[in-house]
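As structure tokens, the structure follows; a few thoughts come after it.
Note on naming: letters A, B, ... go to the chains in the order of the sequence lines (proteins, then strands), and numbering restarts at 1 for each one.
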Amino acid sequence: MLERFYGSMVRTRFAPSPTGYMHIGNLRTALYAYLTARRHQGVFILRIEDTDQGRNIPEAVAAIYKGLQLAGLDYDEGPDKDGGYGPYIQSERLPIYQEHAQRLLEMGAAFRCFCRKEDQPEGDDAPTRRDPCRLLTPAQVEEKMTAGESFVIRQRIPDGGSTTFRDHVYGEITVENAQLDDQVLLKSDGFPTYNFANVVDDHLMAISHVMRGQEYLSSTPKYNLLYRNFGWEVPEYVHLPLIVKEDGTKFSKRLGDPSFEDLVKMGYLPEAIVNYIALLGWSPGNDQEFFTLAELEKVFSIDRINKSSAAFSFDKLTWLNGEHIRALSLEAFHELALAYYPPELADYDTLKISELLQVRTEKLTEIPEMVTFFAAVPDYDVELYIHDKSKSDLATSLAVLKGVLPLLAEIKTFNNDNLFLMLKQFGKENGFKTGTVMWPIRTALSGVPATPGGATALAEILGREETLRRVAAGIAKLEAAV
RNA sequence: GCCCCCAUCGUCUAGCGGCCUAGGACGUGGCCCUCUCAAGGCCAAAACCGGGAUUCGAAUUCCCGUGGGGGCACCA
């Protein structure tokens with residue numbers, strides 16, 4: 001399906017409006033556009049769509065750069081990377097839109113509309129598709145203009161007929177022109193609407209594949225009419241299915257759903273989010289689910305994009321995040337984990353702690369909770385020593401702890417392997433299962449029912465001195481209870 | 001209201017007329033491993049929205065219905 005472009009350059013673009021954050025749907029659009037460009041040795045372009053003067057957030061453009069960088073989507077052309085098709089910020093292209101609107105006016109494909117915004121009907125039903133101003137005579141237009149009345153420029157939709165276009169994922173779509181409205185192309189403030197700017201820019205920037213959300217599907221015929229008016233070749237269209245929540249409602253930042261940046265703050269790795277997002281609406285055709293960006297660049301294909309909307313599953317993202325965490329080198333994971341360790345852990349060998357944590361961490365944010373016991377044993381219930389599976393109860397626990405205390409004090413090399421062998425031997429000699437020996441020690445050392453690593457691993461990290469102190473405290477606690 | 005789109009396990013999906021007693025993954029349940037918890041291994045429950053039509057044969061093609069989503073802004 002892409003044959004037509006194998007001979008020429010594939011150029012895709014990501015054209016966000018500066019809202020201050022990277023919406024998940026936008027991230028996926030950017031990803032797919034990026035992957036399509038990379039897959040065909042094409043060019044990926046960043047264009048800023050800041051044509052809504054009432055909605056611009058000053059720092060928002062920086063957020064776009066940051067988001068793309070975080071995701072690893074580097075662009076070949078953009079505001080700060082001139083590729084000869086600039087400017088790449090729409091607010092800097094105003095004369096271009098005005099000139100093109102003028103051409104449309106001259107060929108009769110557009111007209112000036114002097115209606116006041118307040119006069120426009122805004123009901124849910126029976127929208128006026130044909131604007132009354134399209135009937136104004138040149139003299140009337142002249143009169144209103146000299147009177148200084150403000151106006152917008154609207155597209156003149158043909159009265160009859162229909163418009164058909166082909167979309168790569170949705171196939172052929174036909175819409176009656178009667179269904180299309182005389183949309184505004186140029187606002188009264190001189191800025192273009194998205195509907196106009198995207199057509200002009202996509203053509204002028206030689207975009208080969210227009211990739212965007214499915215919400216633009218029904219207005220695409222209007223864009224095609226514009227391309228036809230200008231005599232331009234229509235680009236390839238690739239509309240992407242929506243991303244929704246598991247309850248089927250829209251995934252929206254405004255409704256409290258996290259943005260890309262929010263997800264990172266929640267402890268998800270950017271590469272895991274990118275991996276997960278790639279699978280939301282696309283599948284490789286085999287069973288592989290773990291992908292690095294580099295791998296995606298090799299296998300991504302427009303032909304395998306799905307039509308139906310996909311629900312965002314935090315469960316699956318979390319699992320995939322765990323996969324990415326485990327795929328990290330210990331050093332890389334350690335560096336990430338460091339930021340989540342409480343300062344009290346500084347006394348310990350945190351690299352060893354990281355080693356225990358890596359296989360047990362699904363989200364970085366759950367790290368603090370998993371390691372607090374290293375800093376201090378919480379006030380735990382003595383019942384914690386009772387554990388059926390380990391055949392451990394208060395009596396065995398007390399006996400084990402007491403028997404093991406001197407051994408721990410004497411053992412020459414205080415490390416995981418030696419401790420394990422020694423304690424196992426202790427169990428054998430005293431008729432205890434290994435688990436019966438380990439359970440009370442682990443409990444005394446941590447005060448929590450589950451820890452990253454077992455008794456001996458914790459002991460090694462805590463060191464002989466602290467281990468003895470905690471075991472002694474455990475003995476005291478048990479003696480008080482018995 | 002009008003127009004457009006979509007429809008396989010709870011979720012993401014494979015399937016592009018016979019290979020389907022519908023495959024994989026997440027999640028869920030069980031077992032194994034085991035020094036707790038994870039990780040890992042094994043197993044289980046779990047789906048083709050409904051009705052017609054085409055065909056020797058339909059999850060796959062067509063039509064109708066139903067359900068869901070999107071659009072109809074001087075927002076993108």
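Separation of the P atoms belonging to B:A14 and B:C3 is 31 Å when rounded to the nearest angstrom. Here the separation of B:G51 from B:U66, taken at their P atoms, is 15 Å to the nearest Å. The C1' atoms of B:A44 and B:A58 are separated by 29 Å, rounded to the nearest whole Å. Nucleotides B:G41 and B:A22 place their C1' atoms 25 Å apart, quoted to the nearest Å. Distance noted for atom P between B:G29 and B:C37: 15 Å (whole Å). Using atom C1' as the reference point in both B:A73 and B:C62, the two lie 38 Å apart (nearest Å). Taking atom C1' on both B:G71 and B:U28, the two are 39 Å apart, rounded to the nearest angstrom. Rounded to a whole angstrom, the distance from the P atom of B:C26 to that of B:C64 is 40 Å.
Residue contacts shown for A:K424 are absent, as no nucleic acid heavy atom lies under 4.0 Å away. Using a 4.0 Å heavy-atom distance criterion, A:R304 is classed as a sugar-phosphate-only contact. Using a 4.0 Å heavy-atom cutoff across all strands shown, A:S308 reaches sugar-phosphate atoms only and no base atom. Within 4.0 Å of A:A311, counting heavy atoms only, lie sugar-phosphate atoms of the nucleic acid but no base atom. Using a 4.0 Å heavy-atom criterion, one finds that A:G453 contacts the bases of the nucleic acid, with or without backbone contacts as well. Using a 4.0 Å heavy-atom cutoff across all strands shown, A:Y276 reaches no nucleic acid atom at all. Using a 4.0 Å heavy-atom cutoff across all strands shown, A:E323 reaches sugar-phosphate atoms only and no base atom. At a threshold of 4.0 angstrom between heavy atoms, the contacts of A:V184 are confined to the sugar-phosphate backbone, with no base atom among them. Nucleic acid contact class of A:T456 (heavy atoms, under 4.0 Å, all strands): base. Heavy atoms of A:N416 sit under 4.0 angstrom from at least one base atom.
In the set B:C6, B:C74, B:C26, B:C74 carries the atom at the smallest distance from any side-chain atom of A:V152. Looking at the side chain of A:E289, the nearest of the listed nucleotides B:U36, B:A38, B:A25 is B:A25. Side-chain proximity of A:S313 to B:A38, B:U11, B:A76: nearest is B:U11. With B:C3, B:C5, B:A76 as the candidates, the nucleotide lying closest to the side chain of A:Q179 is B:C3. Taking every side-chain heavy atom of A:A310 into account, B:U13 is the closest of B:G24, B:G70, B:U13. Relative to the side chain of A:T193, the nucleotides B:G27, B:C75, B:G24 differ in distance, and B:C75 lies closest. Checked against B:A76, B:C35, B:C26, the side chain of A:K316 finds its nearest nucleotide in B:C26. Closest to the side chain of A:L280, out of B:G70, B:C74, B:C12, is B:C12. Set against B:A76, B:U36, B:C5, the side chain of A:Y216 has B:A76 as its closest nucleotide. When distances run from any side-chain atom of A:I173 to the nucleotides B:C5, B:A38, B:C12, the shortest one goes to B:C5.
In this structure, B:C2 forms a base pair with B:G71, meeting either the Watson-Crick or the G-U wobble geometry with both donor-acceptor distances under 3.5 Å. Across all strands shown, B:G40 pairs with B:C32; the Watson-Crick or G-U wobble distances both stay below 3.5 Å. Across all strands shown, B:G10 forms a Watson-Crick or G-U wobble pair, both distances under 3.5 Å, with B:C26. When both distances must be under 3.5 Å, the Watson-Crick or G-U wobble mate of B:G50 is B:C64. Pair assignment for B:G18: B:C56, on the basis of Watson-Crick or G-U wobble contacts that are both within less than 3.5 Å.
A heavy-atom distance below 4.5 Å is not found between the side chains of A:Y340 and A:V371.
In this structure, A:D202 atom CG and B:A76 atom P are separated by 15 Å, rounded to whole Å. Atom-to-atom, CG of A:N275 to C1' of B:C12 comes out at 12 Å; the value is rounded to the nearest Å. Put simply, CG on A:L240 is 14 Å from C1' on B:C5, counting in whole angstrom units. If you take CG of A:N321 and C1' of B:A25, they are 16 Å apart, rounded to a whole angstrom. One interatomic measurement links the two molecules: CZ of A:F251 to C1' of B:C12, which rounds to 14 Å at whole-angstrom precision. Rounded to a whole Å, the OH atom of A:Y170 is 12 Å from the P atom of B:G70. To the nearest angstrom, P of B:G10 lies 21 Å from NZ of A:K245. For the pair A:L242 CG and B:C6 P, the computed distance is 13 Å after rounding to whole Å.
Taking only side-chain nitrogens and oxygens, A:R326 comes nearer than 4.0 Å to OP1 or OP2 of B:G40. At B:A14, one or more side-chain N or O atoms of A:S283 fall inside 4.0 Å of OP1 or OP2 (strictly under the cut-off). Here A:K389 does not reach the OP1 or OP2 of B:C35: none of its side-chain N or O atoms lies under 4.0 Å away. Contact annotation: A:S309 side-chain N/O to B:G68 OP1/OP2 distance is not under 4.0 Å. The phosphate of B:C6 has neither OP1 nor OP2 within less than 4.0 Å of any side-chain N or O from A:N306. Phosphate contact (OP1/OP2 of B:C4, side-chain N/O of A:K307, threshold under 4.0 Å): absent.
On a pure distance criterion of 3.5 Å, a polar donor-acceptor pair joins the side chain of A:S188 and the base of B:C74. Within 3.5 Å, a donor on the side chain of A:R360 pairs with an acceptor on the base of B:C37, or the reverse.
Nearest heavy atom pair, residue A:L68 against residue A:M22, reads N-CE, 3.7 Å. Here the closest heavy-atom approach between residue A:L279 and residue A:P284 is recorded as CD1-CD, 4.4 Å. Closest approach of A:L364 to A:L269, counting heavy atoms only: CD1-CD1, 3.7 Å. Counting all heavy atoms, side chain and backbone alike, A:G474 lies closest to A:L401 at C-CD2, 4.2 Å.
We find that the ring of A:F420 and the base of B:C35 stack, their centres lying under 5.5 angstrom apart and their planes tilted less than 30°.
Between A:F312 and A:F251, the angle of the ring planes lies from 30° to 60°, which puts this pair in the tilted group. Using a 30° and 60° split on the angle between ring planes, A:F165 and A:Y237 fall in the perpendicular class, above 60°.
In this structure, A:H387 and A:V175 both approach RNA chain B, and ranking their closest nucleotides by distance from the 5' end singles out A:V175. Comparing A:E215 and A:T451, the nucleotide of RNA chain B nearest to each residue sits closer to the 5' end for A:T451.
Although no hydrogens or angles enter the test, the distance criterion places no donor-acceptor pair under 3.5 Å between the side chain of A:R112 and the main chain of A:I153. Judged purely by atom type and a 3.5 angstrom limit, A:T436 uses its side chain to pair as donor or acceptor with the backbone of A:S390. When atom types are taken as modelled, the side chain of A:R464 and the backbone of A:L408 share a donor-acceptor pair closer than 3.5 angstrom.
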